[in-house]
Amino acid sequence: MPTIDPAALSLEQKARILTGRDHTTSHPVREADVPSIVLVDGPHGVRPPQTAADHLGINESLPATCFPPAVAVGSSWDPEVAAQVGEAVAREARTYGIDVVLGPGVNIKRSPLCGRNFEYYSEDPLLSGVLAGAHVRAMQSAGVGASLKHFAANNQENDRVHVSADVDERTLREIYFPAFERVVTDAKPATVMCSYNRINGVFAAENRWLLTEVLRDEWGFDGLVISDWGAVHDRVAALTAGMDLAMPMDWGVGEAAVLAAVGAGELDESVVDRSVRRILALAAKATGAEATSSGTTEDFDVDAHHALARQLAAECAVLLKNDGGTLPLAADARIAVIGAFATAPRYQGGGSSHINATRTDAALDAIRGLASSPDAVRFAQGFTLKCTDEALREEAVAAAREADVAVVFAGLAEADESEGYDRETIDLPAAQVEVIRAVAAEARRTVVVLSNGGVVSLEGWHDDVDAILEGWLLGQAGGGALADLLFGAANPSGRLAESIPFRLADNPSYLNFPGELGHVRYGEGVMVGYRHYTSIALPVRYPFGHGLSYTTFATDQLEATLTGDDTAEVAVTVTNTGTRAGKHVVQVYVATSAGPVRRPARELRAFTKVALEPGESRRVAFTLDRRAFAYYNVEQSGWAVAGGEYTIQIADNAVDVTAEAVLTLPGDAPETQPLTIESSLGEWLAHPVVGPELTARLSTAAPAPKDEEEAEENARLLRMAAPMPMSQFFLYAPLSDDDRNHLLTLADASAPS
Ligand code: BGC
């Protein structure tokens with residue numbers, strides 16, 4: 001349907017559609033044939049309200065498939081997994097007449113404590129951006145708009161609606177923006193959702209720099225900016241900043257404010273028209289009225305989507321440890337399955353992304369289904385989610401004693417992590433640690449399977465057990481996927497998208513999280529996650545990028561070639577050196593100390609997941625663009641590449657480098673700053689024309705040093721004086737008026753025109 005011109009609407013109609021009609025829809029304008037836009041959460045499944053009247057979304061939503069949430073997809077390191085989630089979610093969204101699915105979220109996991117980490121992909125911006133981009137592209141190709149959220153610096157839940165994220169610009173540009181930038185420029189989401197918080201004191205919803213200068217002017221975003229639900233405090237200020245559609249309804253407050261501001265001449269109607277035009281452009285694509293369904297699950301293939309959810313989940317779990325080939329389990333093994341999570345799976349997070357799943361797989365059932373003799377699988381609950389229960393623990397230990405292997409399903413309860421609040425600890429509940437240790441002391445072999453949305457500590461029990469499978473939250477078919485992985489029907493191929501530290505206090509945000517007195521200072525700067533751990537060589541339990549497989553891989557024959565002044569091609573051969581088919585994630589990092597700013601020890605700049613049969617080799621190639629080598633120069637307000645050495649590292653994870661090659665980049669031509677009398681002596685000495693003349697005049701004016709010692713002392717004095725402004729240096733220097741005038745004239749003449 002053609003886009004309606006704002007001129008076809010009255011000012012009142014325009015002011016009205018700038019704010020939502022209810023919790024999930026925008027205002028239609030029936031007289032002008034403008035339909036309502038239906039916007040519903042996401043992102044790893046849809047949550048359509050039960051009835052049109054349930055505008056607040058208070059009731060359980062209609063059934064939908066709960067695909068693996070972003071914490072799991074992040075660990076797949078596979079854009080194809082993200083794309084399949086996006087496409088399937090779009091199919092269900094179309095069934096329910098949803099125009100925009102609210103997600104994905106690409107906020108960086110700054111602290112493992114963030115209550116919403118289950119909804120975010122990674123501590124690394126490249127990994128987050130590539131996966132979210134694939135999700136958005138696939139979803140939008142299937143005809144449903146995405147809402148990239150929460151823009152920006154929404155890295156905690158405590159005080160999320162007020163807190164000011166105080167972040168320096170280089171850190172925003174290098175860590176917190178790139179995933180948004182990549183998705184906006186590569187995948188063109190229909191909408192971007194601004195966050196609740198302030199950024200350096202200004203609410204995201206009212207932040208013109210963020211929503212207009214960066215998002216639109218620099219990145220070329222031409223879609224609709226919507227607010228997080230209730231994030232708008234001042235409708236007119238938000239509109240002026242570039243925040244188009246305020247969600248949800250606000251009982252007419254925003255509409256009245258806009259009308260009053262236009263009436264008083266404080267708001268130009270063209271600003272109203274600008275946002276109205278964007279809303280009308282999206283409304284022209286709205287298909288809500290043409291939903292293929294009456295709102296039942298009959299119109300998408302529930303079974304096929306459940307099977308897909310199981311297949312995708314198996315790509316996401318991370319095998320952290322597997323001593324002595326404990327896994328995969330033999331089909332005829334006597335297995336003690338222990339832990340409440342084996343029967344009541346924990347598979348998604350709480351809050352606005354909570355899906356009413358069409359069904360759920362319990363791992364215990366799936367294990368019995370794959371075991372050659374289901375009777376050889378015994379279950380013991382082991383613990384309750386509330387407290388230690390000695391009888392349950394003893395029952396579990398007894399079951400473990402009689403089995404070939406004990407598999408303990410541990411994790412966090414839904415209430416432990418949710419939107420709206422952060423965690424206070426990364427410890428596993430003590431009752432579970434007790435059971436794991438008691439079982440491990442008696443069992444022949446012990447495997448721990450984890451279900452958690454944010455990192456949990458493995459300390460206090462890691463060394464007691466033989467294998468650990470980190471399942472994160474795997475969606476509704478996670479139980480089946482875990483059984484597939486335990487028995488080797490699927491080969492683990494997930495890699496950590498976030499580091500697992502030894503101690504919470506090792507995390508770089510520790511002293512600045514979640515902030516105080518309304519401010520959270522991002523004091524660690526760009527040193528987030530593995531960037532910090534590797535830069536100070538601080539050991540972690542498992543590094544970013546780590547993950548085992550039932551087969552083994554080798555990467556060699558690295559070639560790195562410059563293809564321009566600041567671009568390169570990298571190629572490497574990866575071989576499956578084991579006996580099973582499997583997938584390896586080739587990780588390419590760039591390490592450098594070039595330039596005037598402190599760089600992390602290494603940064604992920606490219607990756608790909610490769611499927612290989614036993615013995616098979618494949619050559620994989622990557623293009624590294626200018627950004628792979630650049631840092632954000634705040635003085636120049638732009639990306640800069642410093643001349644110098646850059647080491648290309650192929651690594652199994654952020655710590656274990658398997659091959660490296662050095663490239664020397666010429667870097668950007670240095671910006672010559674004009675010399676003034678207030679420039680420092682150091683700057684004068686470094687100047688290509690004035691520097692040599694100054695040195696020559698100084699050595700003529702002063703007696704030659706008697707010996708090496710005096711020469712060294714002179715050099716030390718010059719170093720000490722280097723920060724001194726020339727105006728001051730001239731007072732002390734043994735230079736004549738003639739020298740001084742000559743040098744000043746030379747400095748003037750060499751200023752860039
Ligand atoms: C969340 C968003 C969500 C919105 C609508 C907010 O509280 O932060 O992620 O899309 O609610 O439910």
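Atoms within each ligand, like the ligands themselves, are counted from 1 in listed order. If you're wondering where the values come from, they're calculated on a predicted model, not measured in any experiment.
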**Q** May I ask you to say whether Asp273 pairs ionically with Lys14, meaning some side-chain N is under 4.0 Å from a carboxylate O?
**A**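 Result for this pair is yes, salt bridge flagged.
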
**Q** Which pairs pass salt bridge (charged side-chain N to carboxylate O under 4.0 Å, His left out) with one or both residues in residues 518-529, sequence neighbours excluded?
**A**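 Output for this query lists Arg110-Glu524.
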
**Q** For ligand 1, run through the N/O pairs with the protein that fall under 3.5 Å and put one pair on each line.
**A**
residue	atom	partner	partner atom	Å
ligand 1	7 (O)	Tyr196	OH	3.0
ligand 1	7 (O)	Glu419	OE2	2.9
ligand 1	8 (O)	Arg116	NH1	2.9
ligand 1	8 (O)	Arg160	NH1	3.0
ligand 1	8 (O)	Asp228	OD1	3.3
ligand 1	8 (O)	Asp228	OD2	2.7
ligand 1	8 (O)	Glu419	OE2	3.4
ligand 1	9 (O)	Arg116	NH2	2.6
ligand 1	9 (O)	Lys149	NZ	2.9
ligand 1	9 (O)	His150	NE2	2.7
ligand 1	10 (O)	Asp41	OD1	2.6
ligand 1	10 (O)	Lys149	NZ	3.1
ligand 1	12 (O)	Asp41	OD2	2.4

**Q** Between Asp244 and Arg216, does any side-chain N to carboxylate O distance fall below 4.0 Å?
**A**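 Here Asp244 pairs with Arg216 in a salt bridge, since their nearest N and O are under 4.0 Å apart.
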
**Q** Roughly how far apart are Phe300 CZ and Thr95 OG1, rounded to 0.5 Å?
**A**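 Spacing of CZ (Phe300) from OG1 (Thr95) equals 6.0 Å.
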
**Q** Testing the 3.5 Å rule here: is there a donor-acceptor pair between the side chains of Ser352 and Arg116?
**A**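 Yes, Arg116 and Ser352 have a side-chain donor paired with an acceptor closer than 3.5 Å.
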
**Q** Drop me the distance from Phe118's CZ to Asn452's CG, to the nearest 0.5 angstrom.
**A**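 CG of Asn452 is found 12.5 Å from CZ of Phe118.
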
